[in-house]
Amino acid sequence: MRPHTLNDVIGQDYLLSDKSFFLGSAVEAHRLPSFILWGSPGTGKTSIARAIVNSCPWYRFVSLSAVTAGVKDVISDVLDEAKRIHINTTVRTVLFVDEVHRFNKSDQLDSILPVIEDGSIVFIGATTENPSFHLIKPLLSHCNVRVLILNLLEPVHIAAILRRACDDRDKGLVCSLGFMPKEIQVSDEVVEYLAQHCHGNARVALNALEISSITAAARLGYNIGNNVLDDLDKNVDVVLSVNIDDAKQALQSKHLSYDKGGEDHYKLIRALHKPVKGSDENALIYWHCRML
């Protein structure tokens, strides 16, 4: 269900909707800069990076994860291929590195910085951690301080993403079932519940929707493992109805982000201090329990 182009992206409107913003202008001119995407999980960092490249001709997308990739992957393999392709064609390479903060600072200096400086690639990094703490200053400088902050998705955006997944008969919810029901009914109550309780994380919401639909299918006696469903394209004359109990069972509890020594810890402390100063005892109790 990843968006293919920028027109398919839901949310992050302040980054993508205004053509006067440098990102929109760069996409329109088909001249991409290097930049960093900083945001919580499930806010669309990888999806937006792919959509940007798909919206621009003459660019190819190469994706790596700093969790599994080393310096050799960045320099030897990707760079050599990028130079070879650029010499023979007009195509430039966009190197997308997910979890870029996992590269230590010497790796950032030795492997990423030189290829940005000589223009061999366009670099897009994605991180869930504050770039000021985890990325070297020369790297941020060569990205011209283009650190784009992705906010948590609003419930209205999550709801639109979920409805798109429900309605798409080619790539959406039906692909998770293993069979083609006559109709899939997901009530507004289910969509609203998932949108409100996924903490702005589209991935959590989509996974919960998928689990809910599989639970509803199992209740009707349809499981992917059944012999009747050996053909995953089989049409079944049933109406699959996902109810609120399925959604609650799939999501279990609201996802709340927290870390002991990172950004979230200090955000919550700051939130706790405000009702102390303002003598708001209800808010004080809420943020106190939230930290616990």
Side-chain angles (χ1 to χ4, degrees), residues 1-19 23-24 27 37 39-56 61 63 96 98 126 148 150-217 220 222 224 232-236 238-252 254-255:
M1 289 307 298
R2 286 194 190 281
H4 183 68
T5 65
L6 283 181
N7 292 331
D8 299 328
V9 176
I10 297 174
Q12 311 302 344
D13 295 336
Y14 83 103
L15 283 180
L16 306 174
S17 62
D18 189 358
K19 295 296 184 185
L23 187 56
V27 171
L37 294 169
S40 300
T43 52
K45 297 184 293 297
T46 303
S47 295
I48 288 175
R50 288 181 179 273
I52 287 172
V53 177
N54 289 337
S55 300
C56 296
F61 187 84
S63 178
F96 175 78
D98 198 13
L148 309 183
L150 302 188
N151 299 319
L152 294 175
L153 293 173
E154 298 291 335
V156 64
H157 298 141
I158 299 290
I161 291 171
L162 293 176
R163 290 191 178 96
R164 177 190 286 178
C166 295
D167 297 338
D168 193 321
R169 302 287 286 186
D170 296 321
K171 299 182 297 181
L173 190 59
V174 69
C175 297
S176 302
L177 299 175
F179 67 100
M180 185 74 72
K182 178 181 178 181
E183 183 182 354
I184 300 178
Q185 294 179 349
V186 181
S187 67
D188 291 341
E189 184 183 16
V190 170
V191 171
E192 187 69 20
Y193 177 83
L194 294 177
Q196 291 286 348
H197 290 81
C198 67
H199 197 59
N201 188 321
R203 185 181 296 110
V204 170
L206 286 169
N207 286 340
L209 178 65
E210 181 179 41
I211 295 170
S212 301
S213 65
I214 293 173
T215 301
L220 294 176
Y222 292 96
I224 293 178
L232 297 184
D233 295 326
K234 184 180 176 81
N235 291 310
V236 180
V238 297
V239 175
L240 183 69
S241 179
V242 180
N243 60 43
I244 189 65
D245 290 332
D246 297 327
K248 290 180 178 179
Q249 185 66 26
L251 200 57
Q252 293 294 321
K254 186 172 181 178
H255 173 74

For this session: Could you walk me through whether H197 and K248 pass the side-chain contact (heavy atoms from CB on, under 4.5 Å) test, one step at a time?
Result: CA-CA 10 Å; H197 290 81; K248 290 180 178 179; over 6 Å; no
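- The backbone N or O of T215 lies less than 3.5 Å from no partner atom in the side chain of D246, so there is not a single donor-acceptor pair.
- Contact between V190 and I244 at its shortest, heavy atoms only, is CG2-N, 3.6 Å.
- Judged by distance alone, the side chain of Q12 and the main-chain N or O of N151 form a donor-acceptor pair under 3.5 Å.
- Within the 3.5 Å criterion, the main-chain N or O of V204 finds no donor-acceptor partner in the side chain of N207.
- Summarising the geometry, atom CG belonging to L206 is positioned 11.0 Å from atom CD1 belonging to I211; distances are rounded to the nearest 0.5 Å.
- In this structure, the side chain of S176 does not engage the main chain of E210 through any donor-acceptor pair within 3.5 Å.
- Expressed to the nearest 0.5 Å, how far CG of L173 lies from CZ of R164 amounts to 14.5 Å.
- Pairing each heavy atom of I10 with each of L153, the nearest pair is O-CD2, 4.0 Å.
- The local environment of CD in Q185 is crowded, with over 12 non-hydrogen atoms from other residues, nucleotides or ligands closer than 6.0 Å.
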For this session: Show your reasoning for whether side-chain contact (heavy atoms from CB on, under 4.5 Å) applies to F96 and V53.
Result: CA-CA 10 Å; F96 175 78; V53 177; over 6 Å; no
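- We find the CG-CG distance between N201 and L152 to be 8.5 Å, quoted to the nearest 0.5 Å.
- Atom CG of residue D8 and atom OG of residue S47 lie 10.5 Å apart, to the nearest 0.5 angstrom.
- Smallest separation of non-hydrogen atoms from G11 and L16: O-CD1, 4.1 Å.
- Legend: residues meeting salt bridge (Lys or Arg N to Asp or Glu O under 4.0 Å) with R163, ordered by chain and number and at least two apart, are D188.
- Looking at R50, its side chain never comes within 3.5 Å of a backbone N or O of R2 through a donor-acceptor pair.
- Taking OH from Y193 and CG from L162, the interatomic distance works out to 13.0 Å, rounded to the nearest 0.5 Å.
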For this session: Take L209 and C166 through the test side-chain contact (heavy atoms from CB on, under 4.5 Å) and record every step on the way to the result.
Result: CA-CA 9 Å; L209 178 65; C166 295; 3.9 Å; yes
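- Under the 3.5 Å distance criterion, the side-chain polar atoms of N54 are left unmatched by any main-chain donor or acceptor of T5.
- Using modelled atom types, one side-chain atom of K45 and one backbone atom of S40 make a donor-acceptor pair closer than 3.5 Å.
- Of all the heavy atoms in A216 and S241, the pair that sits closest is CB-O, 3.6 Å.
- The two residues L15 and L150 make their nearest non-hydrogen contact at CD1-CD2, 3.1 Å.
- Taking both residues in full, the closest heavy atoms of P181 and I184 are given as CG-CG1, 3.6 Å, listed atom of the first, atom of the second, then distance.
- Residue I158 holds its CD1 atom at 11.0 Å from NE2 of H199, rounded to the nearest 0.5 Å.
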